[in-house]
Amino acid sequence: MAAGAPIESPDVLAQWLYRFGTVPRGIHLERDFGPDDDPMAVLGLTVGGSVRRLLESVYDASSLSGWYSFAHTRGEQHLAAACKLYVSPRPEALAGALPRLAKVLVQGDVRSFKIGRGLEGLLRPDKIVAYFDDRNHLDAVAHSLESALRGCPAQGVPFTAEAGADGLLSWGMDPPPVDAVTSWRAWVTKRLAVSLTARRGAPGEHVVAAVLDDLRGAGVDPEQWLPSAETFRDGSHD
C-alpha cells in the first residue's frame, strides 16, 4: 500500500506508516468512551478509579502529551531502556483487560509504562508500552500477560517483533538517544519511507523487495521485525 501511495515526502510517508493499524474513530467508540480525557474514567484511570488506585500504590503517575505515564520514580520514563513491550488490545476490550494488565505489571515489578491518553490515544495500535532494562524481564512479564489476557482480542502493533502468539504482545528496542529521542517504530518507518520514496516509479513488487533488502542492510529482520546486535552500531541510528 505504501509503495503505491502518491506521497512524495519521506516524512509524510513515515507518519502514514507509523499510524497504520489505528482503529478508525466512529460513533460507537465515541459513545462508549466519550471525548477528551473521559476514556480514562471508563478504564478506571482517573484519580480515585480502581485501576488508578492500584497503580498509584506502586507508581508515580504523570500526564504527558498524549499519554498517562506510570513510573517507580517520577521522570524515570525518560531514561533509556534496553527494550519495550507493546500491549495492544482492541479498544472495546480495554475496560476488561486493563485491571488484569495493571495487576501483572505491579506484580512483575515493571519499572515504568504508559497508556495512550484520550480516545485518539486508545485507538492507536501501540496504546500501552512498558519499559524494561533487560530482555529476560520483558519475556517473563510477557508470559504472565499472555496467561492473564488469554482470549483478549488483539489489535496488533505494526513493525514490532511478536512476544506472544496472536499480536496482542510484541516488543522493540529504541535506538540510543543522540540529539533527540527516537522510538523503535519511528526509526523503522523513517527508513522504510526514505527507501520507498527513493524508488518512486518502479514496479510495486520490485520496490517492496528492494526496500526490505535495505532494511536488512540496516540490521533489521523484516520478516519478524527483529533488530540484530549490529543494528544501532556505528551511527546507524541517525
Side-chain angles (χ1 to χ4, degrees), residues 1-2 5 7 11-47 49-52 55 61-70 77 84-102 104-105 110 112-131 142 145-146 148-164 166-172 174 181-190 192-193 225:
M1 291 173 67
I7 302 174
D11 290 340
V12 173
L13 187 57
Q15 276 297 309
W16 187 91
L17 287 165
Y18 186 89
R19 292 183 58 81
F20 192 82
T22 298
V23 172
R25 183 168 183 154
I27 187 170
H28 297 297
L29 288 170
E30 291 177 350
R31 177 200 63 202
D32 292 343
F33 284 100
D36 302 320
D37 278 340
D38 284 357
M40 298 302 104
V42 177
L43 302 180
L45 281 171
T46 48
V47 175
S50 58
V51 176
R52 180 73 169 253
L55 294 176
S62 57
S63 298
L64 306 174
S65 177
W67 299 95
Y68 274 119
S69 179
F70 298 87
Q77 65 271 14
K84 61 204 296 187
L85 178 69
Y86 302 93
V87 188
S88 185
R90 292 277 307 174
E92 62 271 18
L94 275 168
L98 203 57
R100 291 177 281 164
L101 168 77
V104 171
L105 295 183
V110 174
S112 61
F113 67 98
K114 60 186 182 181
I115 300 174
R117 186 175 177 181
L119 182 55
E120 295 299 327
L122 300 177
L123 296 181
R124 59 187 294 165
D126 52 345
K127 57 177 64 66
I128 302 170
V129 188
Y131 296 89
L145 284 171
E146 189 173 15
L149 299 177
R150 185 167 289 114
C152 179
Q155 185 171 343
V157 185
F159 315 115
T160 60
E162 184 65 49
D166 58 2
L168 181 65
L169 304 168
S170 59
W171 72 280
D174 288 343
V181 176
T182 301
S183 75
W184 165 255
R185 295 200 322 120
W187 184 88
V188 169
T189 54
K190 176 183 176 182
L192 291 172
W225 300 103

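This is a predicted model, so every value here is computed, not measured.
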Quiz item: Which atom pair, heavy atoms only, marks the closest approach of A154 to D166?
Solution: CB-O, 3.6 Å
Self-check item: Between OG1 on residue T22 and CD on residue Q155, distance to nearest 0.5 Å
Solution: 7.0 Å
Quiz item: Do side-chain atoms of R117 reach the backbone of G66 as a donor and acceptor pair under 3.5 angstrom?
Solution: no
Quiz item: Out of curiosity, L98 CG to K127 NZ, how far, rounded to the nearest 0.5 Å?
Solution: 11.0 Å
Quiz item: What pairs with R19 under side-chain hydrogen bond (donor to acceptor under 3.5 Å, both in side chains), at least two apart in sequence or on another chain?
Solution: none
Practice problem: Report the residues that fulfil ring-ring contact (aromatic ring centres under 6.0 Å, His included) with W225, sequence neighbours left out, ordered by chain and then residue number. | Solution: F159
Self-check item: Nearest heavy atoms of D126 and R185, plus distance in Å
Solution: OD2-NH2, 3.2 Å
Practice problem: Working to the nearest 0.5 Å, report the span between CG of L101 and SG of C152. | Solution: 9.5 Å
Quiz item: So which heavy atom on A14 is nearest to which on A193, and how close?
Solution: N-CB, 3.5 Å
Exercise. Report the distance from atom CG of L13 to atom OG1 of T189, rounding to the nearest 0.5 Å.
Key: 9.0 Å
Quiz item: Partners of R25 by salt bridge (Lys or Arg N to Asp or Glu O under 4.0 Å), sequence neighbours excluded?
Solution: E30, E120
Quiz item: Where do L123 and L29 land on the side-chain contact (heavy atoms from CB on, under 4.5 Å) test, with the steps shown first?
Solution: CA-CA 9 Å; L123 296 181; L29 288 170; 3.5 Å; yes
Practice problem: Could you tell me which residues satisfy side-chain contact (heavy atoms from CB on, under 4.5 Å) with S50, sequence neighbours excluded, listed by chain and number? | Solution: R53
Exercise. Determine, step by step, whether L43 and F33 satisfy the side-chain contact (heavy atoms from CB on, under 4.5 Å) criterion, reporting the C-alpha distance in whole Å, the side-chain angles of both residues, the deciding distance to 0.1 Å, and the verdict.
Key: CA-CA 9 Å; L43 302 180; F33 284 100; 4.2 Å; yes
Exercise. With sequence neighbours left out, write down each residue that passes salt bridge (Lys or Arg N to Asp or Glu O under 4.0 Å) with K84, or none if nothing qualifies.
Key: D174
Quiz item: Taking all atoms of both residues into account, what is the closest heavy-atom pair of S63 and Y68, and its distance?
Solution: OG-CE2, 3.1 Å
Practice problem: Apply side-chain contact (heavy atoms from CB on, under 4.5 Å) to S170 and list each qualifying residue two or more places apart in sequence or on a separate chain. | Solution: Y86, V157, T160
Exercise. Kindly write out the residues that satisfy ring-ring contact (aromatic ring centres under 6.0 Å, His included) with W171, not counting sequence neighbours, or none if the list is empty.
Key: none
Exercise. Tell me, with the steps shown, if L45 and L55 meet side-chain contact (heavy atoms from CB on, under 4.5 Å).
Key: CA-CA 9 Å; L45 281 171; L55 294 176; 4.0 Å; yes
Quiz prompt | CG-CD1 distance between L85 and I128, expressed to the nearest 0.5 angstrom | solution = 10.0 Å
Exercise. Could I get the full list of salt bridge (Lys or Arg N to Asp or Glu O under 4.0 Å) partners for R100, not counting sequence neighbours?
Key: none
Quiz prompt | Pairs touching residues 88-97 that satisfy salt bridge (charged side-chain N to carboxylate O under 4.0 Å, His left out), sequence neighbours left out | solution = R90-E92
Quiz item: Who passes side-chain contact (heavy atoms from CB on, under 4.5 Å) against V12, sequence neighbours left out?
Solution: I7, S9
Quiz prompt | Heavy-atom pair with the smallest gap, counting every atom of G116 and L122 | solution = O-CD2, 3.3 Å
Quiz item: How many angstroms lie between atom CZ of F113 and atom OG of S69, to the nearest 0.5 angstrom?
Solution: 8.0 Å
Quiz item: Nearest heavy-atom pair of L169 and A142: which atoms, and what distance?
Solution: CD1-O, 3.4 Å
Quiz item: Using the ring of each side chain (for Trp, its six-membered ring), is W184 parallel, tilted or perpendicular to W187, with breaks at 30° and 60°?
Solution: parallel
Practice problem: Tell me, please, which residues at least two apart from A186 pass side-chain contact (heavy atoms from CB on, under 4.5 Å). | Solution: Y18, T182, S183
